[in-house]
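Note that the structure is a prediction, hence the values are computed from the model and not measured. Chain identifiers are assigned alphabetically (A, B, ...) following the order of the sequence lines, protein sequences preceding nucleic acid strands; residue numbering begins at 1 within each chain.
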Protein chains: 2
Amino acid sequence: MTGSYVIAEVAARTGLTAHTLRYYERAGLIEPPAREWNGHRRYTEGDLGMITILTKLRATGMPIEGMRRYAALCRQGPGNEAERRALLIEHREQVLSRLDQLQADLAVVDLKIEMYAPATGSGADFGRMEDLCSGAQSSQPLVT
Amino acid sequence: MTGSYVIAEVAARTGLTAHTLRYYERAGLIEPPAREWNGHRRYTEGDLGMITILTKLRATGMPIEGMRRYAALCRQGPGNEAERRALLIEHREQVLSRLDQLQADLAVVDLKIEMYAPATGSGADFGRMEDLCSGAQSSQPLVT
DNA sequence: GCTTGACTTAGAGCGCGCTCGAAGCTGAAG
DNA sequence: CTTCAGCTTCGAGCGCGCTCTAAGTCAAGC
């Protein structure tokens with residue numbers, strides 16, 4: 001029947017390790033799930049869903065603290081959907097600008113790759129590498 | 001005369017700190033630059049170019065070790081352009097697949113955002129959050 | 001002459017996100 | 001009864017990429 005998983009099953013389904021799941025729980029990202037009589041965690045389908053969305057937030061670069069805040073809102077129950085939404089939207093904005101930056105930086109790498117291209121008909125001669133990237137950087141924290 | 005910078009100038013232009021520049025040097029990413037009589041580093045225009053491309057590699061998620069390998073090839077001098085190119089191309093592949101994954105994960109977040117949308121004409125009723133993300137994950141290391 | 005500030009070195013410390021180890025309990029299999 | 005696998009807790013350790021401290025040198029300005 002749908003809806004009861006021991007930690008190893010959740011690990012298998014979410015791609016996290018059992019260790020990480022416990023860590024997330026300690027960190028306040030996950031509701032402490034119900035326990036069996038012997039103390040073993042029993043995760044519900046809903047837990048699984050929450051964990052999954054958390055992994056997506058993590059995968060898109062949200063720091064643990066942000067996840068914690070989102071999880072706190074969810075735990076508060078209905079009524080704060082606007083806040084949750086705002087949190088996610090702000091995160092999305094950040095991801096999008098990270099994506100933009102990433103593509104810009106990658107473009108420079110691409111240019112460099114072309115400079116290394118074995119002599120093609122296009123006659124790409126070797127410019128000096130420093131001509132590639134002039135001007136001050138964005139002085140951002142170099143987030144990945 | 002273009003082409004002589006003390007460390008603070010390089011820091012200003014690259015967005016790195018002087019500390020980080022020295023660290024990169026220690027780590028084998030940067031050629032130890034020439035020194036003035038008093039021991040102060042003097043970076044050339046070429047150094048600046050190299051550092052800049054390194055920051056692009058870093059910004060696109062290349063680990064220090066990869067940068068070190070690229071820098072080593074560059075330091076070896078001409079003749080290994082194919083190798084450098086291959087290294088950069090492999091990196092590009094990785095960045096591109098990271099971008100894909102990032103977009104996929106972001107799409108899930110977007111979906112979630114829509115679920116939180118204030119009641120629109122489209123009548124988005126609240127599905128259960130776990131319906132969003134079913135199935136096993138990619139079990140990837142959750143790279144950012 | 002003294003202070004200030006930019007540089008030098010070696011090496012320690014930190015923040016993040018896990019990751020792992022040790023010791024202990026339980027239930028089932030041999 | 002023994003062994004094994006899988007869970008439990010607590011807390012330490014780790015890898016990465018910086019980031020900072022301390023102590024020293026030198027040059028210029030007041």
Side-chain angles (χ1 to χ4, degrees), chain A residues 4-30 32-43 47 51 54-71 91 94 98 105 137 139-144, chain B residues 4-30 32-43 47 51 54-71 91 94 98 105 137 139-144:
Chain A
S4 196
Y5 307 93
V6 299
I7 200 165
E9 288 164 336
V10 177
R13 276 163 205 267
T14 60
L16 300 175
T17 68
H19 277 310
T20 302
L21 283 165
R22 294 193 202 99
Y23 163 69
Y24 276 10
E25 190 180 323
R26 270 180 279 164
L29 306 186
I30 299 178
R35 299 296 183 115
E36 299 181 26
W37 65 270
N38 58 7
H40 291 196
R41 289 169 178 80
R42 283 250 74 117
Y43 294 88
D47 292 332
I51 292 166
L54 285 174
T55 64
K56 299 307 183 189
L57 294 179
R58 188 73 203 89
T60 48
M62 181 179 286
I64 297 290
E65 170 59 21
M67 295 161 71
R68 205 199 49 70
R69 283 192 288 125
Y70 176 71
H91 176 59
Q94 291 175 1
R98 235 163 26 88
D105 293 336
Q137 305 306 299
S139 85
Q140 293 290 18
L142 276 190
V143 226
T144 292
Chain B
S4 194
Y5 307 94
V6 299
I7 199 166
E9 289 165 335
V10 177
R13 278 162 203 268
T14 60
L16 301 174
T17 68
H19 278 311
T20 303
L21 284 166
R22 295 193 202 99
Y23 162 69
Y24 276 12
E25 190 179 321
R26 268 181 282 164
L29 306 186
I30 299 178
R35 299 299 182 111
E36 298 182 26
W37 64 270
N38 58 9
H40 292 195
R41 290 168 177 80
R42 284 248 73 120
Y43 294 88
D47 292 333
I51 292 166
L54 285 173
T55 63
K56 299 306 182 187
L57 295 179
R58 187 74 204 88
T60 48
M62 180 179 287
I64 296 291
E65 171 59 21
M67 295 161 70
R68 205 198 49 70
R69 282 192 287 124
Y70 176 70
H91 176 60
Q94 292 176 0
R98 233 160 31 87
D105 293 335
Q137 303 308 298
S139 84
Q140 291 291 19
L142 274 191
V143 224
T144 292

With a cut-off of less than 4.0 Å, is there a side-chain N or O of B/R41 near OP1 or OP2 of C/dT9? yes
Here's a test of your reading of the structure: between A/A8 and B/E65, which maps to the more 5' nucleotide of DNA chain D? A/A8
At less than 4.0 Å, is any side-chain N or O atom of A/R22 found next to OP1 or OP2 of C/dC20? Yes or no. no
Could you tell me which non-hydrogen atom of A/A11 sits nearest to which non-hydrogen atom of A/L21, and how far apart they are? N-CD1, 3.7 Å
Would B/V6 and B/E36 satisfy side chain to side chain contact (heavy atoms under 4.5 Å, CB included), going step by step from the backbone distance to the final call? CA-CA 10 Å; B/V6 299; B/E36 298 182 26; 3.9 Å; yes
How long is the line joining CD of A/E36 and C1' of C/dC25, in whole Å? 14 Å
Tell me which nucleotide among C/dG17, D/dT21, D/dC7 gets nearest to the side chain of A/P63. C/dG17
Short side-chain N/O contact from A/Y24 to OP1 or OP2 of C/dC18, under 4.0 Å: yes
Measure the distance from NE2 on B/H40 to C1' on C/dT8 and round it to the nearest whole Å. 6 Å
To the nearest Å, how far apart are A/E9 CD and D/dA5 P? 18 Å
A/N38 atom CG is separated from D/dT8 atom C1', nearest whole Å, by 9 Å
For B/I64 and D/dC16, give me the distance from atom CD1 to atom P, rounded to whole Å. 10 Å
Please pick, from D/dG17, D/dT21, C/dC18, the nucleotide with the shortest atom-to-atom distance to any side-chain atom of B/Y23. D/dG17
Mapping A/T20 and A/W37 to their closest nucleotides on DNA chain C, which lands nearer the 5' end? A/T20
Taking OP1 and OP2 of D/dC18, is either one under 4.0 Å from a side-chain nitrogen or oxygen of B/R26? no
Given atom CG of B/L21 and atom P of D/dT19, what is their separation to the nearest angstrom? 12 Å
Determine the minimum heavy-atom distance between A/P33 and A/E25, stating which atoms define it. CD-OE1, 3.5 Å
Taking side chain as C-beta onward, heavy atoms only, is A/L57 less than 4.5 Å from A/Y70? yes
B/H19 NE2 to C/dT9 P, in whole Å, measures 12 Å
Atom CZ of A/R42 to atom P of C/dT26: distance rounded to whole Å? 18 Å
When every non-hydrogen atom of B/L29 is compared with those of B/L54, the smallest separation belongs to O-CD1, 3.2 Å
Please determine, for the side chain of B/R35, which listed nucleotide (C/dT9, D/dT9, D/dC7) has the closest atom? C/dT9
